[in-house]
Amino acid sequence: MTKEIVLIHGAFAGPWCMADYAGFFRARGWTVHTPALRFHGGDPAAEPDAGLTDTSVLDYANDIAEFVQGLDSKPVILGHAIAGVVAQQVASRGLASAIVLINPNAAWGTLPETDDERAVPRALMEGGAFWKQPMRVDFDLMAPFALNKMPKAQQHAVFDQLGPESGRVMFEMFFWMFDDHHAMKVDIDKVDCPVLIVSGSEDRAVNPNTCRALEKLYGDRATFLSAEGHAHFLFMEPGWEKPAAQIADWLDQKLG
């Protein structure tokens with residue numbers, strides 16, 4: 001079997017955040033790809049591309065689908081947060097050998113269950129018509145909700161690398177009930193490959209119960225892995241090697 005894996009970063013981030021996992025999987029014999037989502041991957045401090053304003057989750061999914069179709073074999077797709085939804089959407093097109101979803105955002109139709117999960121859309125609403133422009137995230141929101149298991153110095157180092165995100169994508173994620181295009185919708189019945197859902201037990205951005213509910217939707221196709229003591233950016237946090245090894249072992253078991 002050709003071992004190819006595509007590592008996809010989440011909102012505001014870039015391929016840089018997957019550097020530890022990229023090195024880990026290469027050392028395990030994988031061919032690793034770390035594509036940037038559309039209009040991501042450049043200088044985080046630069047003025048955002050005007051095209052980011054109208055960029056949709058559907059654009060991310062179409063771009064990644066086109067990327068994987070150009071590979072030599074059907075890859076594993078690992079996606080973080082919003083890219084966890086993208087990975088499912090691409091897999092529903094029959095383009096993945098397996099998918100690994102790290103703290104995946106809830107897909108279309110799922111209501112937030114906790115005060116923490118409601119805090120982000122509440123903060124977005126305070127920013128006016130955020131969906132009509134690229135947007136940036138504040139450190140005071142990011143640190144306690146997504147970087148909460150990193151030392152303070154690492155929190156600032158990671159935050160300084162975060163760039164702008166599409167306000168439309170944020171709207172589609174958190175206000176899906178008003179999105180006529182159903183950009184966050186996943187056709188779960190069409191995902192025909194093994195699914196690993198990795199949930200940081202201390203993640204405040206995507207509650208572990210949200211990930212557990214997703215596992216139930218997939219039934220026998222899904223495996224749930226609780227990354228104890230980890231949070232939203234578990235692939236960069238101290239001790240990231242343990243869940244990385246668990247993911248790799250699961251892939252070896254499922255794909256041979």
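Sequential numbering from 1 along the given sequence is applied to the chain's residues.
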[X] [atom1] to [Y] [atom2] distance, which is reported to the nearest 0.5 Å:
{"X": "C17", "Y": "F235", "atom1": "SG", "atom2": "CZ", "result": "4.5 Å"}
{"X": "L78", "Y": "L7", "atom1": "CG", "atom2": "CG", "result": "5.5 Å"}
{"X": "D192", "Y": "L95", "atom1": "CG", "atom2": "CG", "result": "9.5 Å"}

Please tell me if the side chains of [X] and [Y] come closer than 4.5 Å, counting only heavy atoms from C-beta onward.
{"X": "S97", "Y": "V76", "answer": "yes"}
{"X": "I5", "Y": "H33", "answer": "no"}
{"X": "P44", "Y": "L162", "answer": "no"}
{"X": "I102", "Y": "L234", "answer": "yes"}
{"X": "F25", "Y": "T31", "answer": "no"}
{"X": "M18", "Y": "H80", "answer": "yes"}
{"X": "V90", "Y": "I99", "answer": "no"}
{"X": "P208", "Y": "S226", "answer": "no"}

Nearest heavy-atom neighbours spanning [X] and [Y]:
{"X": "V206", "Y": "P104", "result": "CG1-O, 3.2 Å"}
{"X": "A98", "Y": "C193", "result": "CA-SG, 3.8 Å"}
{"X": "F159", "Y": "D138", "result": "CE1-C, 3.6 Å"}
{"X": "I64", "Y": "P35", "result": "CD1-CG, 4.0 Å"}
{"X": "V57", "Y": "V86", "result": "CG1-CG2, 4.3 Å"}
{"X": "F12", "Y": "M135", "result": "CE2-O, 3.5 Å"}

Linking I/L/V/M/F/W/Y whenever their side-chain heavy atoms sit closer than 4.5 Å, directly or via other members, would L58 and M184 fall into one cluster?
->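 No; M184 is not reachable from L58 via cluster members.
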For S56, all residues meeting side chain to side chain donor-acceptor pair (under 3.5 Å), sequence neighbours excluded =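 Checked S56 against side chain to side chain donor-acceptor pair (under 3.5 Å); matches are E172.
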Step by step, work out the ring pair (Phe, Tyr, Trp, His ring centres under 6.0 Å) result for H232 and F145.
-> CA-CA 8 Å; H232 197 60; F145 283 96; over 10 Å; no
Run the numbers on L214 and F224 for side-chain contact (heavy atoms from CB on, under 4.5 Å), then give the verdict.
-> CA-CA 9 Å; L214 181 62; F224 182 86; over 6 Å; no
Verdict with supporting geometry, H9 and L37, side-chain contact (heavy atoms from CB on, under 4.5 Å) | CA-CA 8 Å; H9 64 86; L37 296 177; 3.6 Å; yes
Are S73 and E4 close enough that a side-chain donor and a side-chain acceptor fall under 3.5 Å?
->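 The criterion, which ignores hydrogens and geometry beyond distance, is satisfied for E4 and S73.
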Pairs touching residues 43-66 that satisfy ring pair (Phe, Tyr, Trp, His ring centres under 6.0 Å), sequence neighbours left out =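 Those involving residues 43-66 are H40-Y60.
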[X] side chain to [Y] main-chain N or O, any donor-acceptor pair under 3.5 Å?
{"X": "S92", "Y": "K190", "answer": "no"}
{"X": "S166", "Y": "T55", "answer": "yes"}
{"X": "Q155", "Y": "L147", "answer": "yes"}
{"X": "E202", "Y": "N148", "answer": "no"}
{"X": "D203", "Y": "A231", "answer": "no"}

S199: which of L225, N207, T210, N103 passes side-chain contact (heavy atoms from CB on, under 4.5 Å) =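 Result: among L225, N207, T210, N103, N103 is the only option passing the side-chain contact (heavy atoms from CB on, under 4.5 Å) with S199.
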For the side-chain contact (heavy atoms from CB on, under 4.5 Å) test, which of I77, V186, V195 pairs with Q88?
->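 Only one option passes, and that is V186.
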Counting only heavy atoms not in H156, do more than 12 sit closer than 6.0 Å to its NE2 atom?
->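 Result for NE2/H156: enclosed.
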Residue pairs fulfilling salt bridge (charged side-chain N to carboxylate O under 4.0 Å, His left out) with at least one residue in residues 57-66, sequence neighbours excluded |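 Every pair satisfying salt bridge (charged side-chain N to carboxylate O under 4.0 Å, His left out) with a residue in residues 57-66: R38-D59, R38-D63.
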Output every pair passing salt bridge (charged side-chain N to carboxylate O under 4.0 Å, His left out) with a member in residues 220-235, not counting sequence neighbours, ordered by first then second residue.
->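 Matches after skipping sequence neighbours: none remain.
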Which of parallel (below 30°), tilted (30 to 60°) and perpendicular (above 60°) describes F24 and Y21?
->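 The arrangement is tilted - the two ring planes meet at 30° to 60°.
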Evaluate the criterion side-chain contact (heavy atoms from CB on, under 4.5 Å) for residue pair V137 and E165; output intermediate values, then yes/no.
-> CA-CA 8 Å; V137 66; E165 185 53 73; over 6 Å; no
Output a table of donor-acceptor pairs, distance under 3.5 Å, between side-chain atoms of residues 245-256 and any protein atom two or more places apart or on a different chain; print 'none' if there are none.
residue	atom	partner	partner atom	Å
D249	OD1	R28	NH2	2.9
W250	NE1	T223	OG1	3.1
D252	OD2	R28	NH2	3.2

Given K74 and V68, is the side-chain contact (heavy atoms from CB on, under 4.5 Å) satisfied, shown in steps?
-> CA-CA 7 Å; K74 190 182 293 188; V68 302; over 6 Å; no
Report the residues that fulfil side-chain contact (heavy atoms from CB on, under 4.5 Å) with D43, sequence neighbours left out, ordered by chain and then residue number.
->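 Listed in chain order: A45, A46.
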